[in-house]
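For the numbers below, each heavy atom of this structure counts, side chains included, while hydrogens, waters and symmetry mates do not. Counting from 1, the numbers follow the sequence of the chain as shown.
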Amino acid sequence: MGREDHIDLARETPVRCAVLTVSDTRTEETDGSGRYIRSALAERSLPVTGYRVVADDPERIRAAISDLARDSEVILINGGTGISRRDTTFEAVQSLFEKTMPGFGEIFRTLSFQEIGPAAMLSRASAGVAKDTLIFSMPGSTAAVRLALEQLILPEIQHLVWELVRQPQNRQH
């Protein structure tokens, strides 16, 4: 079975998404990136099962992920992926991953380099699987979120979820 066969089978896979914004300064009212993610999902008829804005604190990030994972196959995180002292999303998310998808971060930084140049290396965008939930962690800028969603995540989201659920397992969050 080839890639196109997988894509065809995946078209009917239900995908429920949650959105998590990590920021010490944004609120639900000022969260343009979170709003963009929810809008992009709605345009593709992908239900949003939860949305949160949490401070850049590893314990709060992990708690929000655990809670959002109960009703979602995918969690889309934006913010906290840089290298400043307060950027802890990468460490929080990595501690949860059972499997990593290094290609996401690698390709994201390559595409980002084409747009913003060497500053792309500051991003610690990452993706992986934690307890049968796909987690994508993106920078907080709306331009970075748009790049990740439109060029990487949304074109493959149903296929990725299908890969996780096609072999029966006990889903436990």
K.L.:
Can you find a heavy atom in the side chain of Pro58 that is under 4.5 Å from one in the side chain of Glu91?
P.N.:
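The answer is no; the side chains never approach within 4.5 Å.
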K.L.:
When you compare the side chain of Val22 with that of Arg60, does any pair of heavy atoms fall below 4.5 Å?
P.N.:
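A side-chain contact under 4.5 Å is absent here.
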K.L.:
Under 4.5 Å between any side-chain heavy atoms of Met121 and Arg109, yes or no?
P.N.:
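Counting from C-beta outward, Met121 and Arg109 never come under 4.5 Å.
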K.L.:
Working note: Arg35 + Glu29, criterion salt bridge (charged side-chain N to carboxylate O under 4.0 Å, His left out); need CA distance, chi angles, decisive distance, verdict.
P.N.:
CA-CA 9 Å; Arg35 188 170 26 261; Glu29 293 76 31; over 6 Å; no
K.L.:
Let's go through Arg44 and Leu154 carefully: what are the C-alpha distance in whole Å and the side-chain angles of both, what is the deciding distance for side-chain contact (heavy atoms from CB on, under 4.5 Å) to 0.1 Å, and is it a yes or a no?
P.N.:
CA-CA 9 Å; Arg44 289 156 182 85; Leu154 292 175; 3.3 Å; yes
K.L.:
Using 4.0 Å as the upper bound for N to carboxylate O, is an ion pair formed by Arg86 and Asp56?
P.N.:
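So Asp56 does not pair with Arg86 through a salt bridge.
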K.L.:
Leu68 and Thr49: side-chain contact (heavy atoms from CB on, under 4.5 Å), yes or no, with the steps?
P.N.:
CA-CA 8 Å; Leu68 292 168; Thr49 58; 5.9 Å; no
K.L.:
Between Ser137 and Thr81, do the side chains contain a donor N or O and an acceptor N or O under 3.5 Å apart?
P.N.:
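Not at all, the side chains of Thr81 and Ser137 share no donor-acceptor pair under 3.5 Å.
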K.L.:
What heavy-atom pair brings Glu115 and Gln151 nearest, and what distance separates the two atoms?
P.N.:
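Scanning both residues completely, I find the closest heavy atoms to be OE2-NE2, 4.5 Å.
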K.L.:
Restricting to side-chain contact (heavy atoms from CB on, under 4.5 Å), what partner residues turn up for Ser45, sequence neighbours left out?
P.N.:
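Here no residue qualifies.
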K.L.:
State, with a plain yes or no, whether a side-chain heavy atom of Ser126 is found less than 4.5 Å away from one of Gln94.
P.N.:
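Touching, per the 4.5 Å side-chain cut-off.
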K.L.:
What are the two closest heavy atoms between Gly80 and Arg124, and how far apart are they?
P.N.:
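Scanning both residues, the minimum pair turns out to be O-NH2, 4.5 Å.
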K.L.:
Between Asp57 and Thr88, is a side-chain contact (heavy atoms from CB on, under 4.5 Å) present by the stated rule, with each step listed?
P.N.:
CA-CA 6 Å; Asp57 172 80; Thr88 62; 5.5 Å; no
K.L.:
What closest approach, in Å, do Arg26 and Ser141 show between heavy atoms, and which atom pair accounts for it?
P.N.:
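Heavy-atom minimum between the residues: NH2-N, 4.4 Å.
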K.L.:
Any donor-acceptor pair under 3.5 Å linking the side-chain atoms of Asn78 with those of Tyr36?
P.N.:
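No, no side-chain donor-acceptor contact under 3.5 Å.
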K.L.:
Ala92 and Ile61: which non-hydrogen atoms are nearest, and at how many Å?
P.N.:
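Closest heavy-atom pair between Ala92 and Ile61: CB-CG2, 3.8 Å.
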K.L.:
So, taking the atom named NE2 in His159 and the one named CD1 in Ile157, what distance separates them when rounded to the nearest 0.5 Å?
P.N.:
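It comes to 13.0 Å.
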K.L.:
Grouping I, L, V, M, F, W and Y whenever their side-chain heavy atoms are under 4.5 Å apart, do Val15 and Met138 come out in a common cluster?
P.N.:
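Yes, because Val15 and Met138 connect within a single hydrophobic cluster, where side-chain heavy atoms sit under 4.5 Å apart.
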K.L.:
Looking at Ser33 and Gly140, would you say the former's side chain and the latter's main chain have a donor-acceptor pair under 3.5 Å?
P.N.:
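Checking the backbone N and O of Gly140 against the side chain of Ser33, a donor-acceptor pair under 3.5 Å is found.
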K.L.:
At what distance, to the nearest 0.5 angstrom, does CD of Gln114 lie from CG of Leu147?
P.N.:
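That separation rounds to 9.0 Å.
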K.L.:
I need the Ile83 CD1 to Leu122 CG distance, nearest 0.5 Å.
P.N.:
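If I round to the nearest 0.5 Å, the distance is 5.0 Å.
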K.L.:
Starting at OG of Ser23, measure out to CG of Asp87 and round the result to the nearest 0.5 Å.
P.N.:
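Rounded to the nearest 0.5 Å, the OG-CG separation comes to 10.0 Å.
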K.L.:
Could you go through Arg52 and Thr21, starting from their C-alpha distance and side-chain angles, then the distance that decides it, and tell me whether this counts as side-chain hydrogen bond (donor to acceptor under 3.5 Å, both in side chains)?
P.N.:
CA-CA 6 Å; Arg52 302 260 173 82; Thr21 295; over 6 Å; no
K.L.:
Do any N or O atoms from the side chain of Thr110 and from the backbone of Glu106 form a donor-acceptor pair under 3.5 angstrom?
P.N.:
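Present.
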K.L.:
What's the spacing between Ile116 CD1 and Ser123 OG if we round to 0.5 Å?
P.N.:
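Rounded to the nearest 0.5 Å, the CD1-OG separation comes to 8.0 Å.
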K.L.:
Mind running side-chain contact (heavy atoms from CB on, under 4.5 Å) on Met101 and Leu134 for me, showing each step along the way?
P.N.:
CA-CA 10 Å; Met101 294 180 4; Leu134 281 165; 3.8 Å; yes
K.L.:
Using 0.5 Å steps for rounding, measure from the CZ atom of Arg16 to the CG atom of Asp71.
P.N.:
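One gets 6.0 Å once the value is rounded to the nearest 0.5 Å.
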K.L.:
Is there a chain of hydrophobic side chains (I, L, V, M, F, W, Y, each step under 4.5 Å between heavy atoms) that links Ile65 to Tyr51?
P.N.:
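In one cluster: no.
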K.L.:
Looking at every heavy atom in both Pro155 and Glu150, which two are closest together, and how far apart are they?
P.N.:
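The answer is CG-O, 3.3 Å.
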K.L.:
Only pairs at least two apart or in different chains count here, so list each ring pair (Phe, Tyr, Trp, His ring centres under 6.0 Å) that has a residue in residues 115-151.
P.N.:
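Output for this query lists Phe104-Phe136.
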K.L.:
Side-chain heavy atoms nearer than 4.5 Å, only ILVMFWY residues, links allowed to pass through others: does that put Val54 and Val145 together?
P.N.:
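Cluster IDs for Val54 and Val145 differ.
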K.L.:
Test your reading of the model: is there a side-chain donor-acceptor pair from Thr27 to the backbone of Thr30, 3.5 Å cut-off?
P.N.:
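It does hold such a pair.
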K.L.:
With a 4.5 Å heavy-atom cut-off, do Leu41 and Leu76 have their side chains touching?
P.N.:
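They are in side-chain contact.
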K.L.:
Between Leu152 and Leu160, is there a shared hydrophobic cluster once you connect ILVMFWY residues whose side-chain heavy atoms come closer than 4.5 Å?
P.N.:
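Result: yes, single cluster for both.
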K.L.:
Could you see if Leu96 belongs to whatever hydrophobic cluster contains Val19? Use Ile, Leu, Val, Met, Phe, Trp, Tyr and a side-chain cutoff under 4.5 Å.
P.N.:
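No.
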K.L.:
Search all heavy atoms of Ala144 against all heavy atoms of Phe108 and return the closest pair with its distance.
P.N.:
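In this case the closest contact between Ala144 and Phe108 is O-CE1, 3.5 Å.
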K.L.:
Taking C-beta and beyond as the side chain, do Ile135 and Val129 meet within less than 4.5 Å on heavy atoms?
P.N.:
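Side-chain contact under 4.5 Å: no.
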